[in-house]
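Order of the sequence lines fixes the chain letters, A, B, ..., with proteins taken first and strands second; residue numbering starts at 1 for each chain.
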There are 2 protein chains.
Amino acid sequence: MESQRQAETGKTIQRQGWKQDPEGVRANILEVALKEFADRGLSGARMDEIAAKTRTSKRMIYYYFGDKDGLYRKVLEQTYREVRTGEKELMLDHLAPKEALRRLTEFTFDHHSKNPDFIRIVMIENIHHGEYLKHSDLIRGLNQEAISRIEAIYDKGLEQGVFRKGCSPLAIHWLISALSFFNVSNKVTFSLLFGDALHDHDGQLDLRSQVSDAVLKFVAEE
Amino acid sequence: MESQRQAETGKTIQRQGWKQDPEGVRANILEVALKEFADRGLSGARMDEIAAKTRTSKRMIYYYFGDKDGLYRKVLEQTYREVRTGEKELMLDHLAPKEALRRLTEFTFDHHSKNPDFIRIVMIENIHHGEYLKHSDLIRGLNQEAISRIEAIYDKGLEQGVFRKGCSPLAIHWLISALSFFNVSNKVTFSLLFGDALHDHDGQLDLRSQVSDAVLKFVAEE
DNA sequence: TGACAATTTAACGAAACAGTACATAACTGG
DNA sequence: CCAGTTATGTACTGTTTCGTTAAATTGTCA
C-alpha cells in the first residue's frame with residue numbers, strides 16, 4: 001500500500017518519496033468516484049469506500065471536493081463532458097440523409113452501450129429529480145449540438161424528398177435517445193422478466209439494426 | 001400526535017384506546033414506503049421518515065417486514081402486482097390489428113405516465129442490479145402475458161397482410177416499453193437539457209401519438 | 001532558502017440511522 | 001372472563017458514516 005507510489009513514478013525524476021500531482025490525484029478520485037456512484041447510487045456510495053479505492057486518502061477528497069455532494073457534482077459534470085466530446089468524431093455531412101441518420105442512430109446505440117456508467121449516472125440524477133444538474137450551468141448548451149446535427153440531416157432529407165414533413169428534430173433526438181438509453185438502463189430488469197434474447201451478443205446486434213429501422217421508418221417519406 | 005387515533009376511529013365501535021387492524025397497518029406501511037422509496041431510492045429512504053409518515057410506529061414496520069430490505073422487497077412485489085393487474089382491462093380482440101396496436105401503445109404510454117412511482121421503483125431496481133427482483137419468483141410469469149397479447153395482434157396483422165414479416169413480439173414489446181418508460185424515467189434530465197416542449201401537456205399528447213406512429217410504422221407492411 | 005502548496009496518517013466527534021428491549025393494550029378461544 | 005397470543009407504543013442501543021482535527025512530511029517555485 002505504501003510502496004505503490006514508488007512503483008508508479010515512471011517519470012523522469014526518481015527521488016525517494018512521492019511526486020506532487022494535484023491533477024492526477026483529482027482525476028484519480030473522480031474516476032474512482034464515478035465507478036462507485038454509478039455502481040451504488042449517490043446515497044449508496046460510501047466515502048470511505050471511495051477513499052480506499054483511490055491511490056490517495058479520504059482527506060484529499062475533502063481537500064479537493066469539499067463534501068460528498070461536491071464530489072458527486074463534479075463527477076456528474078465530468079461524465080457529461082466526456083460523453084459529449086466522444087460524440088463529436090462523427091462525420092455525417094457527406095452522407096445521404098438516410099445513411100447519415102442510420103449511422104447516427106447506430107453510433108448512439110453503441111455509444112450508450114459502451115458507457116453504462118454514464119447511463120447510470122443519468123438514472124441516478126433522475127432519481128434525485130435532477131437536483132444537481134439543475135444547478136450546473138456548464139452542462140446546458142453543449143447538448144443543443146445534438147439537435148442541430150439532426151436538424152441538418154433532417155432538412156437535407158426533406159429537400160431530397162426522402163423524409164416526410166412534420167417531424168421535429170427534437171422528437172427524432174428523443175426517439176434515438178429513448179431507445180439507446182433504455183437498452184442499457186433497463187437491461188437487468190428486462191432480461192429478468194423476459195429473458196435475454198435481446199441482450200446477448202447476437203441479440204444486441206439485431207436490436208441495434210431494428211432500432212435504426214424504427215427511427216428511419218419513423219421519418220421516412222411515404 | 002397521540003390524539004389522532006381517537007379522531008380516526010370512525011368505525012362502529014368507539015372504545016377507548018386503539019383498534020387492532022393488522023391488514024390496514026400493513027397496507028398503510030406499504031403505501032407510505034412505496035412513496036418514500038420511489039422518491040428517495042432504496043439507500044436514500046429513511047426508516048424513521050417512513051415510520052413518521054405512517055399512521056403507526058417504526059416498531060410495526062420491523063414487526064411485519066423484518067428489516068429495510070424486507071420492506072423494500074414487499075414494496076417491489078406489491079408495485080409490480082398492482083401495475084400488472086391494471087393492464088388487464090384492455091379489450092383488443094375485436095379490433096383491427098393496426099388499431100389494436102395503436103390502442104395498446106397509447107394505453108401503455110398513458111399507463112406509465114400515470115404510474116411514475118412504479119417507473120421509479122423499476123429504475124431503482126435497475127440501479128441495484130435487479131438484486132431483489134432476482135429473488136422474487138412471484139413476479140416472473142405474470143409478464144409473459146404482455147408478450148402473448150402482442151403476439152396475438154401481430155399474427156392477426158400478418159394474416160391480414162397489414163404487418164410485415166420478421167418482427168418478434170418480444171421486440172415490439174421492447175419498443176413500446178422503451179418509449180413509454182423513457183418518457184417518464186428521463187423526464188427530468190431531458191427537460192433540463194432540451195426544454196420541456198415534449199413534456200408539457202400538449203407536448204405529451206403529441207408525443208404519445210408520435211410514439212404510436214413510430215411503433216406502427218415499425219411493424220407495418222410496405 | 002524559505003514560503004506555500006500538496007499530501008499522508010491516524011484518530012476522533014457528532015449526527016444519522018437501522019434495528020431492539022420491554023412493557024402493555026387489544027383480541028380470541030375456551 | 002381468563003389465559004395465551006397478537007398487535008402496538010415508547011424509549012433506547014450500537015453502529016455506520018460523513019466530515020474534521022492536528023501535526024508531520026515532501027515537493028515546488030520564486
Side-chain angles (χ1 to χ4, degrees), chain A residues 1-9 11-30 32-33 36-37 39-75, chain B residues 1-9 11-30 32-33 36-37 39-75:
Chain A
M1 187 174 268
E2 63 290 335
S3 63
Q4 68 181 33
R5 185 151 299 98
Q6 294 283 22
E8 279 177 6
T9 51
K11 299 293 179 69
T12 42
I13 311 161
Q14 272 140 301
R15 307 190 190 165
Q16 54 194 181
W18 43 271
K19 184 152 188 313
Q20 278 193 190
D21 182 17
E23 284 318 303
V25 167
R26 278 183 79 101
N28 176 240
I29 293 172
L30 281 174
V32 171
E36 205 63 15
F37 282 132
D39 194 47
R40 315 252 181 135
L42 171 50
S43 320
R46 300 287 161 242
M47 294 301 278
D48 285 313
E49 188 66 19
I50 293 173
K53 289 179 177 172
T54 61
R55 80 161 97 106
T56 180
S57 65
K58 185 162 69 152
R59 181 68 186 80
M60 295 310 291
I61 300 178
Y62 287 94
Y63 184 68
Y64 281 125
F65 299 98
D67 59 8
K68 194 182 184 182
D69 280 4
L71 177 60
Y72 174 76
R73 215 182 303 268
K74 293 297 183 193
V75 165
Chain B
M1 184 173 270
E2 64 288 338
S3 65
Q4 69 182 30
R5 184 152 301 97
Q6 294 283 22
E8 278 176 8
T9 51
K11 300 291 180 70
T12 42
I13 310 160
Q14 271 140 299
R15 305 188 192 166
Q16 55 193 183
W18 43 269
K19 186 155 190 309
Q20 281 192 187
D21 181 17
E23 283 317 303
V25 167
R26 274 184 82 100
N28 176 239
I29 293 171
L30 280 174
V32 170
E36 204 62 16
F37 282 131
D39 193 46
R40 315 252 182 135
L42 171 51
S43 320
R46 300 287 161 240
M47 294 301 277
D48 285 314
E49 188 66 18
I50 294 173
K53 290 179 177 172
T54 61
R55 80 160 97 107
T56 179
S57 65
K58 187 160 68 151
R59 178 69 186 79
M60 296 311 292
I61 301 178
Y62 287 94
Y63 183 68
Y64 282 125
F65 300 98
D67 58 10
K68 193 182 182 180
D69 280 4
L71 177 59
Y72 174 76
R73 215 182 303 269
K74 292 297 183 193
V75 165

Asks: Listed by chain and number, what are the side chain to side chain donor-acceptor pair (under 3.5 Å) partners of B/Tyr72, not counting sequence neighbours?
Replies: B/Glu125
Asks: Send over the distance from B/Met60 CE to D/dG9 P, rounded to a whole Å.
Replies: 7 Å
Asks: Can you find a side chain N or O atom of B/Thr56 that sits less than 4.0 Å from OP1 or OP2 on D/dG9?
Replies: yes
Asks: Any side-chain heavy-atom pair from B/Phe65 and B/Arg73 closer than 4.5 angstrom?
Replies: no
Asks: As an exercise, state the distance from OG1 of A/Thr56 to CD1 of A/Ile61, rounded to the nearest 0.5 Å.
Replies: 7.5 Å
Asks: Measure the shortest side-chain to side-chain distance between B/Met60 and B/Thr54 over non-hydrogen atoms and say whether it is less than 4.5 angstrom.
Replies: no
Asks: Mark yes when over 12 heavy atoms from residues, nucleotides or ligands other than B/Lys74 sit less than 6.0 Å from its NZ; otherwise mark no.
Replies: no
Asks: Indicate whether OP1 or OP2 belonging to C/dT20 is found under 4.0 Å from a side-chain N or O atom of B/Tyr63.
Replies: no
Asks: Summarise protein proximity over nucleotides 16-21 of chain D in one line of letters, 5' to 3': B for base, S for sugar-phosphate only, - for none, counting protein heavy atoms closer than 4.0 Å.
Replies: -SBBBB
Asks: Taking atom P of C/dT20 as reference, at what distance in whole Å does atom CD1 of B/Ile61 sit?
Replies: 13 Å
Asks: The criterion is salt bridge (charged side-chain N to carboxylate O under 4.0 Å, His left out); which residues satisfy it with A/Asp48, sequence neighbours excluded?
Replies: A/Lys58
Asks: Can you check the B/Glu23 CD to C/dC27 C1' distance for me, whole Å?
Replies: 15 Å
Asks: Report which part of the nucleic acid B/Tyr64 touches: base, sugar-phosphate, or nothing (heavy-atom distance under 4.0 Å, all strands).
Replies: sugar-phosphate
